[in-house]
Structures are given as C-alpha cells and as structure tokens.
Amino acid sequence: KAGVTQTPRYLIKTRGQQVTLSCSPISGHRSVSWYQQTPGQGLQFLFEYFSETQRNKGNFPGRFSGRQFSNSRSEMNVSTLELGDSALYLCASSGGLLGGWETQYFGPGTRLLVL
Amino acid sequence: DQQVKQNSPSLSVQEGRISILNCDYTNSMFDYFLWYKKYPAEGPTFLISISSIKDKNEDGRFTVFLNKSAKHLSLHIVPSQPGDSAVYFCAAQASGGGADGLTFGKGTHLIIQP
C-alpha cells in the first residue's frame, strides 16, 4: 500500500504571499491531519479533516486553512505568509472511524521557507 | 504549558545495549500513546503504541511501558542498533470526542555508538 504523499517537497515564498500544500492519504483512509514542525515549538497540530469537513482544529490563526476533497485528498493554505511560517508541514492520515484510538501515519512533509 | 514532556534532549547508548527513552504527560484525558521515530527532513515513522487499558506493549525489539498513576511512559529498544539513531517523539491523544490531534513531546535524539 502506498504511503502518505505530499507535494511539493520544498517551497520558497516571500512575505505576504500565499501558499497551498497538498496531501494524498493512504488508500482507504478518510481522516487527514496537518501539523507544523518548527525548531522552537516542535510538532503542533493544525487541523483535521474527515469526510470533507473540518472535525478538529488546533490553536493557529485564521491565515491557516484547509479543505478536503471527496477522494480524501487534502490541501492546506496559508495566506499572507510571515517569516515565522517557515517550517516543515506534515500531513498524517488515519482511517478516521475510531477517532482518538487510531494511529496516524505521516507523509514526508513539505519544507516551506518564507523570505 | 507542555502537556507531553521528554526531558532528555539527547541520549547516547552503546550498540547492543538497551536504550530507554522516557516521556511524561500531564493531561489525564490522554489515553492513547504513540512513539514515532524521525530522521531529518522526513516525516515521523510510527513505531509502537499503547492504550491506557494496557501497561505494556511489545513489538520485536521495541517495548512501551505505561504507568498511568505516574503519568509516565517509556520506550525500550533491545538490543540497540546503529540504524536506531534518530529523534524519537512521544505523542498522546484523548480518544473521547474524536481525534483532537496528537500532542507531541519535543523529542529525544538517540545516538547509538558502535
């Protein structure tokens, strides 16, 4: 079974721009979660989508948004980029039906650099 | 306030010996715990998990122990191999109410010395 895939792997943007990252979950998985990893804050939960609906949300500003399509693929958008948005953005998928009892499997991440 | 703490930023162990990585948590709602291994510029790789109804789970060289009263879990790797050198993250989540997202510790960098 193919794992979680994320595109692009690397991205360079400038302050004020917006960016869209893409994630394809493991086949059959319906839940997609997004995380941000920075050296200072570590790995932090952004939000989770299940059946095209945002089911849970972490403590990030509204500039961070996402969506999920009917095939469970998900996109994450960050608008008005700030220098502090430079991070590794990770997508994780799980079946989605057992909620917090499920293991999340991560993709390789997208490294975003904001200049 | 860090709800999941890994107090050792790094740990050096000789090849063939046991590696013990520790993790403490403060949120009593957490009832599912996972360990992930991570190499630089890659996503975390799932290693092993344990639910709060158990106190031990074993998978090959990896064993996770959970002490609910102390809010402490540990990962044992026996025997340690050079390929185990990586950053290990402890993560926790609360099962009730759906997936609220994993809460991660800051990680422990495990170095296996030949």
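Chain A is the first sequence line, chain B the second, and so forth, proteins listed ahead of strands; every chain is numbered from 1.
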Region of A:Q6 that comes under 4.5 Å of a non-hydrogen atom in chain B: neither
Interatomic spacing from OH in B:Y36 to OH in A:Y105 - rounded to 0.5 Å: 7.5 Å
Chain B contact via A:L88 - side chain, backbone, both or neither, heavy atoms under 4.5 Å: side chain
Atom pair CZ (B:F104) and CD (A:Q44), whose distance is rounded to the nearest 0.5 Å: 11.0 Å
Linked, directly or transitively: A:F50 and A:L46 (ILVMFWY side chains, under 4.5 Å): no
B:Q93 side, atom CD; A:N56 side, atom CG - distance, nearest 0.5 Å: 10.0 Å
A:R9 atom CZ, neighbour heavy-atom count above 12 within 6.0 Å: yes
Pair listing, salt bridge (charged side-chain N to carboxylate O under 4.0 Å, His left out) test, anchored in residues 61-81 of chain A, at least two apart: A:R63-A:E82, A:R63-A:D85, A:R67-A:E75, A:R73-A:E75
Contact class of A:Y35 relative to chain B, heavy atoms under 4.5 angstrom: side chain
Beyond-backbone contact of A:L43 with B:F89, side-chain heavy atoms, under 4.5 angstrom: yes
Listed partners of A:Y89 passing ring pair (Phe, Tyr, Trp, His ring centres under 6.0 Å), at least two apart: none
Interatomic distance, B:L34 atom CG to A:E102 atom CD [nearest 0.5 angstrom]: 11.0 Å
Contacts of residues 42-51 of chain B with chain A (heavy atom under 4.5 Å): B:E42, B:G43, B:P44, B:F46, B:S49, B:S51
For B:R61, salt bridge (charged side-chain N to carboxylate O under 4.0 Å, His left out) partners two or more places apart: B:D84
